Structure formats: C-alpha cells, structure tokens
Amino acid sequence: MIEELYYNKNYNLKKAIELIFTSDNQIHTGLMISKLNENMYDSEMINKVRNYIKKNSIKIKPYPNSLDTCGTGGDGKKTLNISTTVGLLIASTGIKISKHGNRAASSLSGSSDILNELGFKMENNENRIHKSIKKHNFTYLNAPNFYPILKNVGAVRKSLGFKTFFNMMGPTLNPLQANYQIVGAFNEKAAKTIAEILLINKLKNFKVFSSEDGLDEISIFSPTTVWQKTKNNKIEKKKIDNKKFAKFLCKKNLSFEDIKGKDAKYNAKKLINFFEGKKNSYRDIVIINAIYGILTIDQNKTFNEAYEILTSLIDSKRSLDHLNNMCK
C-alpha cells in the first residue's frame, strides 16, 4: 500500500493519514509524513489530520470560554518561555487560561519542562483540571496526556530533522477546546496557515504572530506580522510596528540577551524574577504579548488599560502571589 500512496499524485488522503499513525514501520511513517509535507501549508489537509487525532484523543469536558497561549516553537532562538509566562501573567488578571503545550523540541525548555520545574503537575484528570482553572484561572494540559497516538510519530519527526505540518497543527489541539487563542509561528506562511485552521474550527477570536526577527512572539525588537479574525468571520493580515511600544518599555536600551533561555531550571528562575518585578527586556516582551492576549479575549479593553492592569499586578506583587498560590 505504501507504494500506491507514495507514488500516486492522487493518493487517498484518508489511508495516508491512517498509515502515519498505525504503521509499525517507521520508514513508511516517515515517507507518508514527507508525502503530506509536500503541501505543508495546506490548512484543509492539515485539518483532516487534526480531525483524525481529535477523534482518537482522550476527551475531557470542554472549557471553551478560555484563552490558550500555545505556540509552534521551532523559531530556533532558544529564548525564555515567553508564552508560558504570558499565560501565567494573564491568569492573574482573572482571565481563564487553558494553556497547552509539550516538552522542549527546538529549545532547551518547553512549557512542560518549566512548569514541572515550578511545581505544576501534568494533570490529565478532568475534575482536577477544571478545579484548577476555576480556582486559579489557569490550567496546563500536557499534549501527550491527551493525544497518545502522537507517540507513534514522535521519533520519526525528530529523525526527519525538518519542520512539518505537525508544527502548525499542534497549537490548534487544545484539549479543553479554548475558543480564544494567541499563537506564535516560526514564519508568515505558518502564521497564515494556523489562522486558517483556527477559522475553520470556529474559534471566537484569535491572533497569530510572526516577527521579522524570527521570534514566534510579538517582538519588541522588530515589526511583527499578525493574522487575526475579523468581525465578518475572515482573516486579515496586519503589521505591528515595534516602535509603537517604545513608551511602554521599562528600558530604552533593548537587550536580546535578556530573553535568551537555557535549561528549565534557569528559565524557571528568570520567570520568578519576572514576577518579582525585575525590569528588563524579558518583562517588556511578556507584557506586550500579554496585552494582545487580553485584547483577544476582552475586546472592550484598550491597549493602555491592559498595560496599566498588568504593570499594576506585577509591581504590587499580586501576580507573584497568584503564581505562588498555584505552585503550592
């Protein structure tokens, strides 16, 4: 069957997807991933793979009125865990965060790694997950706990050594079916594809970012392209000029070194320093990204209002207290 699927231009997509997740032959799995990757930015194709994974997932009761800050990773910059810090900070404002992610792939510390270091448990129990988001406005969902069939492709993806459609599909697989999302992507084409997938799946609102300096966040160092949902259920592309952030930054002399990460222990220490109020470019980039997260789920807020809320929470140590209560 592999020859029929691999060499036929009009191959059966359904059979190809099934083979990826059921074959015991890793070479065949790799060939099929490579075959589908010829159309790696095809959102309709990726959504069919996504539907197969969702169908074979461990399902839990949804918590749709929440925000996910999951990103693609893969920008190769080895930064601190910015999107995780953003999620924890936004949670201290009272907004419900259903953050999902995984262990490190291209960086030294993924979401699961740093949260584990901070003392968060990788819960898969539905009751405890819902209790956490209700009590602390935050829960973390470790992707492998809910999508066990992804284990079938993990080693193959790693051995292939290049980005695939899985990088764009992963962030869209929130187990709690969050209706709001901010996503960082490794390039503009990936950002557009992710936005199309989120639109297909009828999220209430989303913003997908890709910066000119290669960060999969909104950058304070260079302009960022954002793909976002419009009021008439389409997606639009906008450019965010980083110069607009100048008056909101605590330091005029920006330092990329401030956001460079290492292992989970190092990144966790820097995250705690952030919540303790340390003023540097890490603080600035987290606050700016958190503002856009707030504006995604609460469209009645202004940029300035969100900025004031976040800085007040950090400087008063209330966001630190919130973090400490979650880590008990």
Side-chain angles (χ1 to χ4, degrees), residues 69-93 99 101 104 106-111 113-115 117-118 182-187 191 207 209-226 239-295 303-304 306-320 323:
T69 62
C70 182
T72 59
D75 63 11
K77 300 294 183 180
K78 293 181 168 56
T79 60
L80 295 166
N81 297 87
I82 295 170
S83 66
T84 304
T85 316
V86 167
L88 291 167
L89 177 58
I90 295 174
S92 71
T93 72
K99 163 83 176 155
S106 60
S107 65
L108 298 174
S109 173
S111 300
D113 301 302
I114 188 173
L115 287 170
E117 184 69 29
L118 288 167
I182 53 172
V183 190
F186 51 84
N187 65 34
K207 298 182 191 299
F209 313 111
S210 178
S211 69
E212 289 185 6
D213 56 13
L215 289 175
D216 58 344
E217 322 283 350
I218 299 172
S219 180
I220 58 174
F221 307 100
S222 72
T224 300
T225 299
V226 55
K239 188 79 75 174
I240 302 175
D241 188 345
N242 59 304
K243 293 177 183 176
K244 73 174 281 188
F245 305 138
K247 66 179 181 179
F248 298 98
L249 306 182
C250 63
K251 289 182 67 176
K252 290 184 180 179
N253 298 321
L254 302 180
S255 170
F256 199 86
E257 285 302 309
D258 286 348
I259 68 167
K260 292 285 281 185
K262 294 181 182 179
D263 59 16
K265 188 173 182 179
Y266 176 89
N267 287 14
K269 181 180 178 181
K270 293 297 181 180
L271 184 148
I272 292 168
N273 290 159
F274 165 86
F275 281 98
E276 289 174 338
K278 185 168 184 178
K279 294 186 176 181
N280 55 19
S281 291
Y282 179 33
R283 170 184 168 119
D284 288 333
I285 197 169
V286 168
I287 288 175
I288 295 302
N289 278 271
I291 289 170
Y292 280 91
I294 291 173
L295 300 182
F303 190 99
N304 285 28
Y307 174 80
E308 292 297 333
I309 290 168
L310 293 169
T311 53
S312 175
L313 285 166
I314 297 169
D315 295 338
S316 68
K317 301 294 191 292
R318 282 178 290 165
S319 59
L320 176 62
L323 176 67

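No experiment lies behind these values; they were computed from the predicted model shown.
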*asked:* Just to verify, what does F209 make a ring-ring contact (aromatic ring centres under 6.0 Å, His included) with, not counting sequence neighbours?
replied: none
*So how far is it from L271 CG to K278 NZ, rounded to the nearest 0.5 Å?*
13.0 Å
*Locate the shortest heavy-atom distance separating A268 from E117; write the atom from each residue and the value.*
CB-CG, 3.6 Å
*Partner set under side-chain hydrogen bond (donor to acceptor under 3.5 Å, both in side chains) for S92, not counting sequence neighbours*: none
*Atom pair OH/NZ of Y307 and K247 - distance to nearest 0.5 Å*: 10.0 Å
*Residues that T224 engages under side-chain hydrogen bond (donor to acceptor under 3.5 Å, both in side chains), provided they are two or more places apart*: none
*Do you know the tightest heavy-atom contact between V286 and F274?*
CG1-CZ, 3.5 Å
*Heavy atoms, side chains only, cut-off 4.5 Å: are D258 and D284 in contact?*
no
*So, the side chain of T93 versus the backbone of I90: is there a donor-acceptor pair under 3.5 Å, distance only?*
yes
*Assess whether side-chain hydrogen bond (donor to acceptor under 3.5 Å, both in side chains) is satisfied between K270 and T85, documenting all intermediate values.*
CA-CA 10 Å; K270 293 297 181 180; T85 316; over 6 Å; no
*Which pair of heavy atoms, one from G277 and one from I314, lies closest together, and at what distance?*
CA-CG2, 4.0 Å
*Work out which heavy atom in A191 is nearest to a heavy atom in S210; give both atom names and the distance.*
CB-CB, 4.2 Å
_I182 vs V86, side chain to side chain contact (heavy atoms under 4.5 Å, CB included): CA-CA, chis, key distance, verdict_ = CA-CA 10 Å; I182 53 172; V86 167; 4.2 Å; yes
*Would you find more than 12 non-hydrogen atoms of other residues, nucleotides or ligands less than 6.0 Å from K239 atom NZ?*
yes
*What heavy-atom pair brings S219 and S211 nearest, and what distance separates the two atoms?*
CB-CB, 3.5 Å
*Under-4.0 Å salt bridge between R283 and D315*: yes
*Begin from the C-alpha positions of N273 and Y282 and carry the test side chain to side chain contact (heavy atoms under 4.5 Å, CB included) through to its verdict.*
CA-CA 10 Å; N273 290 159; Y282 179 33; over 6 Å; no
*Side chains of S255 and S281: donor-acceptor distance under 3.5 Å anywhere?*
no
_How long is the straight-line distance from CD1 of I114 back to CG of D263, given to the nearest 0.5 Å?_
10.0 Å
*Hey, can you tell me if F245 and F303 have their rings parallel, tilted or perpendicular (30° and 60° cut-offs)?*
parallel
*At what distance, to the nearest 0.5 angstrom, does CG of D213 lie from CZ of F256?*
6.0 Å
_Among N81, D113, L118, the one residue meeting side-chain contact (heavy atoms from CB on, under 4.5 Å) with N267_ = N81
*Is the backbone of L313 close enough, under 3.5 Å, to the side chain of S319 for a donor and an acceptor to pair up by distance?*
yes
*Looking only at non-hydrogen atoms, find the nearest pair between L254 and I220 and report the distance.*
CD1-O, 3.1 Å
*Test item: I287 and F248 side chains (from C-beta on) under 4.5 Å apart, heavy atoms*: no
*asked:* Between K260 and L80 (side chain of the first, backbone of the second, donor and acceptor by atom type, cut-off under 3.5 Å), is there such a pair?
replied: no
*Is S312 close to R318 at the side-chain level, that is, under 4.5 Å between some pair of heavy atoms?*
yes
*Which of these passes side-chain contact (heavy atoms from CB on, under 4.5 Å) with L215: I259, I82, N289?*
I259
